[in-house]
Each structure stands twice: as C-alpha cells, then as structure tokens.
Novice: 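Quick one: the structure is below, and I'll ask about it shortly.
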Protein chains: 2
Amino acid sequence: MSRTTVSNAYNRPDQLSPQLRNRVMEAARTLGYPGPDPVARSLRTRRAGAVGLLLTDQLSYAFRDPAALAFLEGLTLECDIAKTGLLLVPAKPESEDILAVSSASVDGFVAYAMPDDDPHLMAALARPVPAVVCDQPDVEGVDSVGIDDHAAMRQIGEHLLDLGHRRIGVVCMRLGRAVMDGPVDITRQEGARYHVQRNRLAGLREAFTRAGVAWDRIPVVERFDNSVAAGASGAAEVLSLDPGITALVATSDVLAFGAMQELERRLQRVPQDVSVTGFDGVAEARNRELTTVVQPFLEKGHQAGKLLLDPARRPQARKVILDTEFLPGRTTAAPPV
Amino acid sequence: MSRTTVSNAYNRPDQLSPQLRNRVMEAARTLGYPGPDPVARSLRTRRAGAVGLLLTDQLSYAFRDPAALAFLEGLTLECDIAKTGLLLVPAKPESEDILAVSSASVDGFVAYAMPDDDPHLMAALARPVPAVVCDQPDVEGVDSVGIDDHAAMRQIGEHLLDLGHRRIGVVCMRLGRAVMDGPVDITRQEGARYHVQRNRLAGLREAFTRAGVAWDRIPVVERFDNSVAAGASGAAEVLSLDPGITALVATSDVLAFGAMQELERRLQRVPQDVSVTGFDGVAEARNRELTTVVQPFLEKGHQAGKLLLDPARRPQARKVILDTEFLPGRTTAAPPV
DNA sequence: TTGTAAGCGTTATCAT
DNA sequence: ATGATAACGCTTACAA
C-alpha cells in the first residue's frame with residue numbers, strides 16, 4: 001500500500017473507496033500506526049495551526065490580571081472560530097532567553113503589552129510570520145491594536161482639575177523591565193519602556209501642565225507589580241512624598257484599589273479627604289463605582305485575533321484604535337476646603 | 001558554506017570560531033535567512049516544545065472560571081520551569097471535530113475535567129505522546145491527578161445531617177455533553193459523564209442514604225453553565241420542586257453564590273432560613289465565609305505539569321490524590337424549628 | 001574546525 | 001481510484 005493512499009485515507013476520505021479506506025484504517029490499527037504526525041504535516045503544509053501569544057510577564061501572571069484575562073478571552077474566541085490553537089509562549093521580562101520564541105511552531109504572533117525593547121518581542125517580529133502588537137508602539141509593517149491612552153488619561157486629569165484639585169500624586173505600573181519601585185523623575189517617565197504607562201503619564205502631565213500646574217512637583221511612584229498590595233504601598237509612598245495631596249491617580253484599577261485600601265487604613269475618607277482614580281474599567285471598578293476609564297479589553301482581543309487570522313491580509317499594516325469611555329464614579333469629588 | 005556550519009552557528013555557538021559564526025550571521029542577514037525553522041527542527045529533534053491542554057469547554061470559558069484559572073496558573077508555572085509552551089487546544093464539547101487535537105504539535109497532553117466520553121479526549125489519548133488526566137477517571141497507562149470528590153462531598157452531607165437537615169435540594173453542574181438543564185433522576189446521576197459531578201453526587205447520596213434519608217425524594221437540578229446566573233435559576237427550580245427544603249447543596253462555589261443570590265431575592269435568610277454549601281474554596285468563598293470544601297487547584301496544576309514534564313517517567317501510570325479540607329463557614333446552621 | 005550524507009514523516013504533483 | 005517521486009528544512013553521526 002502506498003503512502004499516498006494512506007495520506008488520502010486520513011485527509012481525503014472522499015477520494016478513495018470506503019472499503020479501501022477501511023482496509024487502511026484496520027492496517028493502521030494492526031501495525032500500531034498512530035495517524036499522521038502533526039509536526040511532519042506542518043512541515044509539509046507550512047501551517048502550524050497555532051498562534052503564539054507573548055505576554056508582559058511569565059505565563060502565570062496573566063491569570064491574575066483581570067485585564068489580561070479579558071484580552072485572552074477575546075483572542076481565544078477568534079482562535080476558536082479559526083480552529084487554531086493558542087500557544088502561550090514563556091517570555092519572562094527578566095530573561096534574555098528567546099529560544100522559546102524563536103522555536104515556537106506558530107503561524108503568527110500576538111504581542112500584548114510588551115516593553116518596547118523586549119528581546120522576546122524582537123525575536124517574534126524577526127520571525128517570518130505575521131504579527132499583531134497590542135498596547136504597544138507601532139512597528140513598521142506590523143498590525144496594531146490599542147487605545148488612545150494619552151487622551152484617556154488627559155480626561156481623568158481634566159476631571160480632577162475641574163473639581164479643583166491641584167496637588168495630586170500618581171501611582172503607576174512598571175516603566176521598565178527591571179524592578180525599580182520608588183519615585184520616578186521626569187526623565188524616567190518620558191523614557192518608560194512601556195508604551196501604555198508612558199502615554200498615560202504624558203496625558204496626565206499635559207492636562208496639568210496646560211492648567212498651569214508644575215508637573216515636576218507632582219510625586220509619581222512606580223510599582224513593578226500590578227497588584228492591590230503594590231497599589232497600597234505605592235500610595236503610602238506618594239503620601240510620604242507629599243502628605244498634602246488631595247487626589248491619587250493610579251494608572252490601573254487594581255492599583256487604585258490598593259490606594260483606597262491604604263487610605264482607609266489611614267482613616268482618610270474617599271472622596272471627601274482624598275479622591276482616587278483608576279484606569280481600565282474592570283468589573284470590580286464598576287461595582288465599587290471607581291472613577292476610571294473603561295477600555296474594551298474583550299474587543300481588543302477580538303481585534304487582535306481578527307487582524308492576525310484574517311486570510312485577506314492587506315499589503316500594509318493596519319491600525320485599530322478602540323474607543324474608551326471616561327466613567328465618573330463615587331471616588332472623586334472636590335478637594336476638602 | 002555548509003548546512004552543518006549554519007546549524008552549529010545557531011545551536012552550538014561554542015563549537016565554531018566566533019569569526020565564522022559572525023560570518024554566518026551576517027550572511028543570514030544579507031540573504032534574509034530568518035533562522036532555523038521551528039517546525040523542521042521539531043520534526044528532526046522529535047520535540048515540539050509545547051504541551052497541549054484540553055479543557056471542558058471552549059477556550060474562552062476557562063478564563064471565566066476561577067477554579068480553572070488556578071489550575072492553569074499552576075500548570076503554567078511548571079511549563080515556565082520546563083521552558084515549554086502551553087498550547088490551548090480548541091475542544092468544544094458539542095463539536096466532534098478532533099482535527100485540532102490530532103494535529104496539535106505537542107509533546108504531551110493535559111486533559112482537565114473532560115467528560116469521560118469526549119472524542120477530543122479519546123483523540124488525545126490515542127496520540128503516541130504522554131498524557132495526564134485531571135479530575136477524570138483513571139485511564140489505563142495514563143497518569144492522573146485528582147481529589148476524592150466522593151469523600152469530600154460526603155463530609156458536606158454529614159455536616160448538614162449533623163446540623164439536623166433532612167430535606168435538602170441540590171444544584172449540580174452539567175452531567176453530560178449536551179445542555180440538559182432541569183431535574184435529574186437517579187439514572188442520569190449515576191450515568192453522569194463528568195467524573196467530578198458523578199462522584200460528588202454519589203458522596204452526598206451516600207451520606208444521606210446512610211442517615212436513612214430517601215435519596216429519591218431529594219430534588220437534584222442540573223445546570224450546564226457554572227455561573228452565578230445558573231446557580232440562581234437552579235436554586236429557583238429546586239425550590240419549586242420542594243419549597244420545604246432547609247438546605248441547598250451546590251456542587252461548586254460559583255453555583256452556591258447564585259443560590260444565595262436567589263434566596264436573597266426571595267427574602268430568605270442564609271443560614272437562618274436556608275443553609276447553603278459550595279465546593280472548591282475559591283477566594284470569594286473564603287471572603288464570604290461560604291461553607292465549602294477547599295481543594296488545591298494551584299497544586300493540581302503543578303502536579304499535572306510535573307507528572308507530564310518529569311523526564312524520569314515511570315513505566316507504570318502514577319496517580320496523585322490531593323487532600324481537601326472541609327471548611328465550615330457562616331452559610332450553614334441548624335434548620336429553622 | 002568544517003563538510004558529507006542520511007534521514008525525520010508528511011503531502012503535492014503528476015502519472016498511471 | 002491509486003501509486004511513484006520529490007520536496008519541506010532541519011539535525012546529527014561520522015568523516016575529513
């Protein structure tokens with residue numbers, strides 16, 4: 001029996017007589033042939049049947065961050081439709097080991113919120129497969145999905161300014177690949193390796209600078225982790241830098257929850273004593289009526305998947321900017337008199 | 001320049017002179033050679049560098065279930081260590097299409113809480129790669145990880161019996177691959193395709209039967225989704241079948257939250273009017289002090305990963321049964337007099 | 001240190 | 001309807 005016939009028996013049952021097909025399958029059982037080898041098939045067909053996903057952090061991190069989860073959910077829905085697997089590629093930011101990226105058998109990559117200079121990102125973009133970046137700076141020839149972080153954060157700044165706040169503090173997420181928890185000077189703010197954080201800080205800065213508030217007086221504190229605990233300790237540090245602030249701006253909802261926890265511990269009322277804002281619009285933020293910006297994470301994942309899996313790929317890179325919505329909540333009010 | 005030299009330049013930089021290596025890399029750049037093809041490499045080395053994961057539901061479901069998430073987190077931690085990617089394989093229960101399973105380029109499979117007769121599971125086990133099943137019945141020659149669902153649920157039953165409950169109702173998760181929301185007779189309970197649900201119901205039944213309570217009088221209601229909404233509607237249905245129950249047993253914490261929501265809507269107090277129990281011990285259950293059984297999801301994922309990735313594989317299948325802890329909370333009390 | 005040659009297991013093309 | 005042949009791109013003994 002020839003190879004071709006066996007291949008057809010598995011892949012094109014209609015191309016050969018049912019009895020021959022049965023004979024093939026029976027022989028396979030007898031001989032212990034487990035069916036076509038996926039890797040060899042991929043080599044021949046030039047299709048891996050999987051999409052690679054690069055995340056900011058080690059794999060397990062993604063399962064703790066509600067925002068990353070929603071993105072993943074949107075992306076997997078597209079993968080389901082395209083009958084494509086999703087390969088979570090280990091890409092710890094502190095590791096320089098890009099072997100996992102360069103040897104991942106995938107038909108394309110999605111990079112989500114990676115730092116601009118991450119070697120894993122570089123390695124993925126260097127691969128001769130399509131890629132989509134999400135929440136990252138545009139790269140020549142690479143499709144991208146994102147929001148206008150700058151404008152969204154400026155809205156939050158303007159909201160606080162309208163309420164009358166002038167002395168504020170900021171807790172932001174990591175700005176580089178190394179742990180650098182502490183106060184952030186303007187140089188580091190501008191040179192942040194994370195597109196999203198850089199733009200949010202810049203947007204806030206623009207709002208305050210326009211209103212005539214000196215930005216270099218505003219304490220900005222960095223935390224590596226996006227966790228409630230990090231938000232709490234970040235808020236504590238901001239308050240130690242300027243105990244007189246009337247509002248705390250966090251660059252994520254999760255950090256804002258931590259800030260609120262710390263304020264509560266200090267018996268400071270929100271918003272009567274200190275206003276707090278977040279960013280993202282995760283479920284808990286809506287429940288607790290945090291003043292925040294809602295961004296469509298699920299839709300981001302959808303769009304990223306669609307761009308990557310769209311068979312009719314355009315000759316030039318496409319760029320999707322999704323809408324955000326400023327959502328005033330009960331955690332902001334006029335500063336105390 | 002020979003193929004070998006190029007291969008060595010990429011894979012064994014120490015095996016050739018630095019200047020030659022540089023010459024190779026430069027030539028690669030000039031010629032636009034993107035580096036070794038991962039698929040061809042996998043074919044040759046017989047290593048895919050990825051582990052396949054089969055989940056009960058479509059991929060996106062996993063990102064909604066806190067239990068599945070914790071399992072994933074534990075598993076990915078092991079994958080990180082082994083520098084192996086994790087391939088989420090689309091395996092919708094209602095689909096018979098196993099192509100994604102049989103053509104996934106993986107070095108092994110982890111199957112998590114799949115129904116016993118799922119064709120995707122069969123296809124994965126038929127592949128000539130190692131596999132680990134989790135929360136599933138033992139399969140000849142396949143490593144397994146799980147808990148003693150039967151004993152754990154019996155504990156819950158005994159707890160309720162000790163408090164004096166005799167008329168109870170049950171809300172369980174799906175027992176088969178098709179949506180069959182509604183009351184469940186004993187035949188369907190015993191024939192449930194989901195190992196976990198089957199054993200939990202059997203454990204509860206044993207406790208009540210031993211105490212002399214006729215099990216066939218106890219309303220058991222099935223819901224396909226493991227969601228708060230499903231728990232609420234399931235509880236409502238149980239209450240319509242027997243308005244006189246003094247306790248509601250849910251086979252998951254999430255369903256229990258739904259049951260509590262429905263009881264609150266009916267102005268029934270928990271636990272004064274009706275007791276409620278869950279299963280899993282997710283974070284929210286601990287916060288709300290739900291009476292439940294805590295099971296180590298993270299550890300389950302760890303163990304599954306370890307078994308699969310352990311290079312020193314035993315000749316015979318290994319079986320890991322993890323401990324659970326009965327956690328009495330504030331949602332159970334003696335029935336009203 | 002570098003090169004030669006033999007597969008890895010498929011599927012596409014073409015011929016019968 | 002079925003079969004022969006030629007890649008797919010790589011790694012790895014082994015030889016030079």
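First the proteins, then the strands, lettered A, B, ... as listed; each starts at 1. Scope of the values below: all heavy atoms of this structure, side chains included, with no hydrogens, waters or symmetry mates.
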Novice: Can you tell me the distance, in whole Å, between the CG atom of D14(B) and the C1' atom of dT2(C)?
Specialist: 15 Å

Novice: Using whole Å, what does the distance between atom C1' of nucleotide dT11(D) and atom CZ of R46(B) come to?
Specialist: 12 Å

Novice: When you check the phosphate oxygens OP1 and OP2 of dG9(D), does a side-chain N or O of S7(B) lie under 4.0 Å from one of them?
Specialist: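 For S7(B), the contact criterion (side-chain N or O under 4.0 Å from OP1 or OP2 of dG9(D)) is not met.
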
Novice: On DNA chain C, compare the nucleotides closest to N11(A) and R44(B); which residue's is nearer the 5' end?
Specialist: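 Nearest nucleotide further toward 5': that of R44(B).
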
Novice: Within the structure shown, what part of the strands sits under 4.0 Å from Y10(A) by heavy-atom distance: base, sugar-phosphate, or nothing?
Specialist: nothing

Novice: With no hydrogens and no angle check, just 3.5 Å: does a side-chain donor-acceptor pair link H195(B) and Q136(B)?
Specialist: no

Novice: Any side-chain heavy-atom pair from V106(B) and V51(B) closer than 4.5 angstrom?
Specialist: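 When only atoms from C-beta onward are counted, V51(B) and V106(B) do not touch, as no gap falls below 4.5 Å.
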
Novice: Can you check the D37(A) CG to dC8(D) P distance for me, whole Å?
Specialist: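 It is 19 Å, rounded to the nearest whole Å.
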
Novice: Can any side-chain N or O of Q303(B) pair as donor or acceptor with the backbone N or O of V145(B) at less than 3.5 Å?
Specialist: no

Novice: Measure CZ/R3(A) against P/dT5(D) and give the value in whole Å, please.
Specialist: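 Atom-to-atom, R3(A) to dT5(D), this comes out as 10 Å.
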
Novice: How many Å lie between CZ on R21(B) and P on dT2(C), as a whole number?
Specialist: 13 Å

Novice: Based on the rotation axes of five pairs at each end, what angle does the helix from dT1(C)-dA16(D) to dT16(C)-dA1(D) bend through, to 10°?
Specialist: 30°

Novice: Quickly work out the R23(B) CZ to dG3(C) C1' distance and round it to whole Å.
Specialist: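 Rounding to the nearest Å, CZ of R23(B) and C1' of dG3(C) are 14 Å apart.
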
Novice: Between R41(B) and T5(A), which residue's closest nucleotide on DNA chain D lies nearer the 5′ terminus?
Specialist: T5(A)

Novice: Identify, between G35(A) and T4(B), the residue whose nearest nucleotide on DNA chain C lies closer to the 5' end.
Specialist: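 Going by which nucleotide is closer to the 5' end, it is T4(B).
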
Novice: Can you confirm whether R318(B) is buried at CZ, in the sense that more than 12 heavy atoms of other residues, nucleotides or ligands lie under 6.0 Å from that atom?
Specialist: yes

Novice: Students often get this wrong, so: under 4.0 angstrom with heavy atoms, is L43(A) touching a base, only sugar-phosphate, or nothing?
Specialist: base

Novice: Select one nucleotide: of dT10(C), dT2(D), dC10(D), the one nearest the side-chain heavy atoms of P36(A).
Specialist: dT10(C)

Novice: After noting the C-alpha distance and the side-chain angles of D138(B) and V142(B), does the key distance pass the side chain to side chain contact (heavy atoms under 4.5 Å, CB included) rule?
Specialist: CA-CA 7 Å; D138(B) 289 344; V142(B) 177; over 6 Å; no

Novice: Can you check the Q15(B) CD to dC14(D) C1' distance for me, whole Å?
Specialist: 14 Å

Novice: What contact category does R12(B) fall into here, base, sugar-phosphate, or nothing, at under 4.0 angstrom with non-hydrogen atoms?
Specialist: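 Sugar-phosphate, backbone atoms only, no base.
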
Novice: Of the nucleotides dT10(C), dA12(C), dT2(C), which has the atom closest to the A40(A) side chain?
Specialist: dT10(C)

Novice: Distance alone, cut at 3.5 Å: any donor-acceptor contact between the side chains of D280(A) and S252(A)?
Specialist: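 No, no side-chain donor-acceptor contact under 3.5 Å.
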
Novice: Which residue pairs satisfy the side-chain hydrogen bond (donor to acceptor under 3.5 Å, both in side chains) criterion with at least one member in residues 19-38 of chain A, sequence neighbours excluded?
Specialist: D37(A)-R46(B)

